[in-house]
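In what follows, a single structure is set out as structure tokens and then discussed.
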2 protein chains.
Amino acid sequence: MSLSDNKKRITIKDVADVAGVSTQTVSRVINNFSYVSTDTRQRVKGVIEDLGYLPSMLARSLCQQRSYTLGVVVYGLKYIGPSQALNGIAEAAEKLNYMVLMKVLDEYYSTKDVKSVIDSLISRHVDGIIWTAPEIDESHAWLKYLLDSIPVPINFLAMVPREGLLSISLNNYEGAILAVQHLLDIGRKKIAHISGPLTWWVATERKRGWRDTLEKEGLSVPDHSCTEGNWSLTSGKRAFLQLYEAYPDMDAVFVANDQMALSVLREARRLGINVPEQLAVVGFDNIAESAFFCPSLTTVSQDQQLIGEVAVNSIIEMIQAEQENLALVDAHSRFITPTLIVRESSGSFD
Amino acid sequence: MSLSDNKKRITIKDVADVAGVSTQTVSRVINNFSYVSTDTRQRVKGVIEDLGYLPSMLARSLCQQRSYTLGVVVYGLKYIGPSQALNGIAEAAEKLNYMVLMKVLDEYYSTKDVKSVIDSLISRHVDGIIWTAPEIDESHAWLKYLLDSIPVPINFLAMVPREGLLSISLNNYEGAILAVQHLLDIGRKKIAHISGPLTWWVATERKRGWRDTLEKEGLSVPDHSCTEGNWSLTSGKRAFLQLYEAYPDMDAVFVANDQMALSVLREARRLGINVPEQLAVVGFDNIAESAFFCPSLTTVSQDQQLIGEVAVNSIIEMIQAEQENLALVDAHSRFITPTLIVRESSGSFD
DNA sequence: CTGAAAGCGCTAACAC
DNA sequence: GTGTTAGCGCTTTCAG
């Protein structure tokens, strides 16, 4: 390394000294605050340029009690959905000049982990927190104990709506209705379901949409017309075989995610079942592979990127409001609308 | 919200006052530093507990000139590979008590964006930077101009090794050799290649491995035996059709990533080409779908998670060394070894 | 328009 | 063992 490594940080004081003004004036220049004579302003700007001065956001955060940083708690990053949401969050934050401090929660996190994650974010003075870990079983029980001690707004993704809390989710119920109604529309009557793990709120919502749509149509919904998977390819295969045995005369299946649905398509082929003639299949998520499978998969599309972006905008809006002491924006639950993408697996052949 | 929102932050001074000691003593307690009488220590701990005091990492960072924060610059987060690497980074950082400040680079970033990203990281006093954006074309040209002004260590992922710089990559060359040698071992002689975009360093490495292995075997490598894709499913299809026309008597194809390889399998089926009898196919990356395709895909596995973890460990090692003024650990290029996973698409039928 | 003083929350260095 | 002083790099408040 031929670095001339000027390890020492250049401070506002250095700039002030060289420019022959007070640090205050430099501060005014970098913040475009109040009046500084055009003359001094130019001089100071020149010095900043020459010295390559970079204001310390750390120091600024400390004295302003505001960090322009969002804490983002991530879960399941190794899967494509969460990482797209994170991408949306990061891009939206960037756009609004916020930074993202990231924390990951491992698969089996406990309330204790929650506390330590939140504490570490608070100790870094984040202005707000985005909680992307979906609600599973008792995963959000900590709200009762911990929420009061969290001094910044939090926005929750994929959480059961709660009075007074900011949250944003895909409208999974509506998505399921779209899927099942479509299957009804193409004339199917015996529509099975492979659900996600029913400890997940989103899985129960999708199942509820399936059941309600069938019942509204006056169709029976026998117990054996639904099996439970765990989102994975393997579990999709297992669930389908089970279903195939228990409900052999089904003519369609609505699968709670695309991974499992692709497994279904694969198994169906292996078993010589014709898709969509004998069995129509609809998935959920619209992952990249779905368009490319043989046959291509009809699915409900959820825009994770968008969910992330909206999450950021909502929480920053709330932060701004608190900051400016406006009437506090009231926390609300927001839902993103999914769309149906019809492909070969349910009868379209284009 | 029934929050008793104690908005004001509790400081070390509050604790000191209540406990009847100096802030210094509190500081010593929370850092487990030097000697504090067991008596005072207990008392202080009690007060900390009662007040729910949380030390400010911000203030600590400022006065220690050390933030225990890593800046991570991410590219292509919407794809599965980068997000797994990020996951590895986040988990490893967590384990070593570092936080992750994340910045995203969009698809068409310029040197100007690079400067602003780095500046914003520096202004937040990160202790080191992990640059995950792979080397593409002139994407790293900024090193010449900007590197000298960056006061912290940087670790680059998937970059052409450079003297004096810390970097870590998968050994793509070796991975390609594994793949092609395997195809030779099962008796194939006319092995085609679908490369990634050759502006990407990793793509050129994989191609080089393919070519070298064939030439070493004394086989000819005609120009028309290789076409170029852009990693996507669509481009894989296009590249394969092109290849099929230009080189109809090939008996195997090594594809630079799994997405494109899956497209190849799909097209092969459509064209009535038997895999692996007529055409053996090997991919690269080992994405989840590869094991589940019909036929399942032989592929080179790269452990992105591991790459992320190693990246963190390397850079933190370097940070520690600088911090303790040890003989500076010299920057090095490290390579992770890939492994071959043989499946049906190259002749194994288990 | 500009500067001086105080302070954000903490720790390093030194006293006692 | 414990307290005091100074200072990290910046902004806020108040004088001029």
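Please read all numbers here as calculations on a predicted model, not as lab measurements.
- Here the range on DNA chain D touched by chain B, meaning any atom under 4.0 Å from one of its heavy atoms, is D:dG1 to D:dG9.
- Every residue was checked against the side chain to side chain donor-acceptor pair (under 3.5 Å) condition with A:S123, not counting sequence neighbours, and none meets it.
- Taking 4.5 Å as the limit, some side-chain heavy atom of B:L86 sits within range of a side-chain heavy atom of A:L86.
- Considering only heavy atoms from C-beta on, A:V72 stays 4.5 Å or farther from A:I129 through its side chain.
- Remark: B:Q305 engages B:N87, B:E91, B:D303, B:E309 in a side-chain contact (heavy atoms from CB on, under 4.5 Å) (not counting sequence neighbours).
- If you take NE2 of A:H125 and C1' of C:dC8, they are 9 Å apart, rounded to a whole angstrom.
- How far CE of A:M159 is from CD of A:E135: 6.5 Å, rounded to the nearest 0.5 Å.
- The stretch residues 44-62 of chain A comes close to DNA chain D through A:Y53, A:L54, A:P55, A:S56, A:A59, A:R60, each having a heavy atom under 4.0 Å from the strand.
- Judged by distance alone, with hydrogens and angles left aside, the side-chain atoms of B:D127 form a donor-acceptor pair with the main-chain N or O of B:Y68 at under 3.5 Å.
- Counting heavy atoms from C-beta outward, B:V18 and B:Y53 have side chains that stay 4.5 Å or more apart.
- Atom CZ in A:R124 sits roughly 14 Å away from atom C1' in C:dG9 (whole-Å rounding).
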Give each protein N/O atom lying under 3.5 Å from an N/O atom of nucleotides 12-16 of chain C, with the pair distance.
unit_1: C:dA12; atom_1: OP1; unit_2: B:Q64; atom_2: OE1; d: 3.3
unit_1: C:dA12; atom_1: N6; unit_2: B:Q24; atom_2: NE2; d: 2.4

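- Between A:I12 atom CD1 and C:dG3 atom C1' there is a gap of 13 Å when expressed in whole angstrom units.
- At least one side-chain heavy atom of B:I122 sits less than 4.5 Å from a side-chain heavy atom of B:V152.
- Residues satisfying the side chain to side chain donor-acceptor pair (under 3.5 Å) criterion with A:R43, sequence neighbours excluded, are absent altogether.
- Comparing B:Y35 and B:Q65, the nucleotide of DNA chain D nearest to each residue sits closer to the 5' end for B:Y35.
- Taking 4.5 Å as the limit, every side-chain heavy atom of A:H125 sits out of range of all side-chain heavy atoms of A:S61.
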